[in-house]
Amino acid sequence: MLQASKNVARLLLSSWQSVSITPVAGLKIFRPPIKFGDIEFPERAKLKIVERVPQFPPGVRAPKMQKRLRYLRGPESTHNFLMYRQFGIIATGGGRLKYGHFEMIRLTIGRKLDQQRMFAIWRVDPPWQPITKKGQGHRMGGGKGSIDHYVTPIKAGRVIIEVGGHCEYFELEKVLNQIANQLPFKAKAISQEILDKNVAKEKWLEENNLHLWTWKYMVQNNMLGCQRWISPVDKLWFNKYL
């Protein structure tokens with residue numbers, strides 16, 4: 001038995017030495033390309049250059065104003081959807097956009113996107129709210145400081161830019177996340193499919209949640225007298241927005 005196995009091994013070894021093996025490419029099956037159909041393109045495919053300082057009529061001085069933090073708090077109720085129903089960047093927290101952030105977004109989009117088959121549009125206003133600042137070493141008093149720069153206040157849920165065209169989400173996800181990570185507030189890249197899933201998930205959780213001890217339940221029922229010490233913002237949005 002042992003001698004027979006040795007003979008078989010010798011035969012196999014001699015056969016392998018006399019046979020040449022040539023690598024052959026395998027068959028790959030790719031899914032067919034997506035048919036985008038009729039996609040509406042805006043008049044201008046590139047992002048416009050925004051002005052650093054808003055223009056006022058001749059003889060009108062730029063007005064000063066208070067901080068007005070209410071412009072940053074709470075959810076966005078108007079510009080919280082995608083007009084072209086494709087892709088974009090949405091803010092998940094409140095903050096302010098400076099002129100430098102507008103330029104960062106515009107230059108990054110201009111370098112990374114294929115202008116022949118893609119487009120991008122602004123969904124936020126140019127900087128308009130004045131921010132004042134006093135010079136280094138000034139004494140207290142003397143009135144409000146001079147205007148240093150202008151910003152655009154952003155609320156949670158506001159769409160910053162919208163991108164679309166003949167493209168898919170995986171082509172733009174890396175670029176949009178790169179921009180979102182450089183913004184001065186929390187933001188993320190989204191698509192219309194992601195937005196629809198998030199809305200459906202929130203609705204399902206609200207209807208099927210069996211745990212009664214939510215922020216809304218505790219605040220509305222004044223559990224442990226919480227309405228005496230919680231923030232007025234939490235009384236409105238139940239710890240969802242800062």
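None of these values were measured; they are calculated from a predicted model.
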Q: Is the shortest heavy-atom distance from the side chain of Gln86 to the side chain of Ile39 under 4.5 Å?
A: yes
Q: Does atom NZ of Lys134 have more than 12 heavy-atom neighbours, drawn from other residues, nucleotides or ligands, at distances under 6.0 Å?
A: yes
Q: Going by ring-ring contact (aromatic ring centres under 6.0 Å, His included), name the residues that satisfy it together with His166, two or more places apart in sequence or in a different chain.
A: Phe36, Phe41
Q: Check Pro42 against Ile121 and note the closest heavy-atom contact, atom names and distance.
A: CG-CG2, 3.8 Å
Q: Quick one: closest heavy-atom pair of Phe170 and Arg31, and the distance?
A: CE2-NH2, 4.5 Å
Q: Decide yes or no on side chain to side chain contact (heavy atoms under 4.5 Å, CB included) for Leu113 and Leu172, but give the supporting numbers first.
A: CA-CA 8 Å; Leu113 262 64; Leu172 303 170; 4.0 Å; yes
Q: Measure the CD-CZ distance between Glu43 and Phe119 for me, rounded to the nearest 0.5 Å.
A: 13.0 Å
Q: Return yes if some donor-acceptor pair links the side-chain N/O of Asn80 with the main-chain N/O of Gly157 below 3.5 Å, else return no.
A: no
Q: How long is the span from the NZ atom in Lys186 to the OG1 atom in Thr92, to the nearest 0.5 Å?
A: 6.5 Å
Q: When you measure from the centre of the six-membered ring of Phe102, is the NZ or CZ of Arg52 under 6.0 Å away and within 45° of the axis?
A: no
Q: Side-chain heavy atoms under 4.5 angstrom apart, residues restricted to Ile, Leu, Val, Met, Phe, Trp, Tyr: same cluster for Val175 and Ile161?
A: yes
Q: Can you find a pair of side-chain heavy atoms, one from Phe185 and one from Leu72, that are under 4.5 Å apart?
A: no
Q: Decide whether Tyr169 and Ile179 are clustered together by the hydrophobic rule: side chain heavy atoms of Ile, Leu, Val, Met, Phe, Trp, Tyr closer than 4.5 Å, transitively.
A: yes
Q: Rounded to the nearest 0.5 Å, what separates atom CD1 in Ile154 from atom CZ in Arg96?
A: 11.5 Å
Q: Would you say Arg106's side chain and Lys46's backbone share a donor-acceptor pair under 3.5 angstrom?
A: no
Q: Check for me, please, whether Val163 and Ile194 land in the same ILVMFWY cluster - side-chain distances under 4.5 Å, paths through other members count.
A: yes
Q: May I have the step-by-step check of side chain to side chain contact (heavy atoms under 4.5 Å, CB included) for Leu183 and Met104, ending in yes or no?
A: CA-CA 9 Å; Leu183 294 177; Met104 178 270 298; 4.0 Å; yes
Q: Looking at CD of Glu76 and CZ of Phe81, how far apart are the two atoms once the value is rounded to the nearest 0.5 Å?
A: 10.0 Å
Q: Could you note down all residue pairs passing side-chain hydrogen bond (donor to acceptor under 3.5 Å, both in side chains) where residues 170-180 supplies at least one of them, sequence neighbours left out?
A: Arg117-Glu171
Q: Is any side-chain heavy atom of Trp122 closer than 4.5 Å to a side-chain heavy atom of Ile105?
A: yes
Q: Begin from the C-alpha positions of Ile90 and Lys188 and carry the test side chain to side chain contact (heavy atoms under 4.5 Å, CB included) through to its verdict.
A: CA-CA 6 Å; Ile90 190 171; Lys188 63 179 181 180; 3.9 Å; yes
Q: Do the side chain of Gln129 and the main chain of Pro153 share a donor and acceptor less than 3.5 angstrom apart?
A: no
Q: Inspect the surroundings of CD1 in Ile49 and state if more than 12 heavy atoms from other residues, nucleotides or ligands are less than 6.0 Å away.
A: no
Q: Using the rule that Ile, Leu, Val, Met, Phe, Trp and Tyr join whenever any side-chain heavy atoms are under 4.5 Å apart, tell me whether Leu47 and Tyr99 fall into a single cluster.
A: yes
Q: Whether the side chain of Asp114 engages the backbone of Gln116 through a donor-acceptor N/O pair (distance < 3.5 Å, no angle test) should be reported.
A: yes
Q: Output all residues satisfying salt bridge (Lys or Arg N to Asp or Glu O under 4.0 Å) with Arg139, sequence neighbours left out; order by chain, then residue number.
A: none
Q: Please tell me if the side chains of Ile131 and Lys98 come closer than 4.5 Å, counting only heavy atoms from C-beta onward.
A: no
Q: Gly164 and Phe87: which non-hydrogen atoms are nearest, and at how many Å?
A: CA-CD1, 4.4 Å
Q: Which atom pair, heavy atoms only, marks the closest approach of Pro63 to Pro130?
A: O-CG, 3.3 Å
Q: Between Glu206 and Lys203, does at least one N-O distance fall below 4.0 Å, as a salt bridge requires?
A: no
Q: Is it true that, when you exclude Leu69 itself, more than 12 heavy atoms of the residues, nucleotides or ligands shown sit nearer than 6.0 Å to its CG?
A: yes
Q: Does atom NZ of Lys197 have more than 12 heavy-atom neighbours, drawn from other residues, nucleotides or ligands, at distances under 6.0 Å?
A: no
Q: I need the Tyr84 OH to Glu40 CD distance, nearest 0.5 Å.
A: 5.0 Å
Q: Distance from Ile147 atom CD1 to Arg61 atom CZ, nearest 0.5 Å?
A: 9.0 Å
Q: When you measure from the side chain of Lys64 to the backbone N and O of Gly145, does any donor-acceptor pair fall under 3.5 Å?
A: yes
Q: Please find the pair of heavy atoms, one from Asp234 and one from Ile230, that lie closest to each other, and give the distance.
A: CB-CD1, 4.3 Å
Q: With a 4.5 Å limit on heavy-atom distance, are the side chains of Phe238 and Gln220 in contact?
A: yes
Q: Contact between Met218 and Trp213 at the side-chain level, heavy atoms closer than 4.5 Å - yes or no?
A: yes
Q: Would you find more than 12 non-hydrogen atoms of other residues, nucleotides or ligands less than 6.0 Å from Arg228 atom CZ?
A: no
Q: Just by modelled atom types, is the Arg70 backbone N or O under 3.5 Å from a matching donor or acceptor in the Arg68 side chain?
A: no
Q: Side chains of Glu202 and Trp204: does their closest heavy-atom pair fall under 4.5 Å?
A: no
Q: Taking the side chain as every heavy atom from C-beta outward, state whether Val159 and Ile190 have any pair of such atoms under 4.5 Å apart.
A: no
Q: Run Ile160 and Leu97 through side chain to side chain contact (heavy atoms under 4.5 Å, CB included) and show every step you take.
A: CA-CA 10 Å; Ile160 310 299; Leu97 284 176; 4.2 Å; yes
Q: What is the minimum heavy-atom distance between Met65 and Lys144, and which atoms define it?
A: O-CE, 3.3 Å
Q: Looking just at side-chain N and O atoms, do Gln192 and Asp196 make a donor-acceptor pair shorter than 3.5 Å?
A: yes
Q: Is there a path from Ile109 to Val124 through hydrophobic residues (I, L, V, M, F, W, Y) whose side chains come within less than 4.5 Å of each other?
A: yes
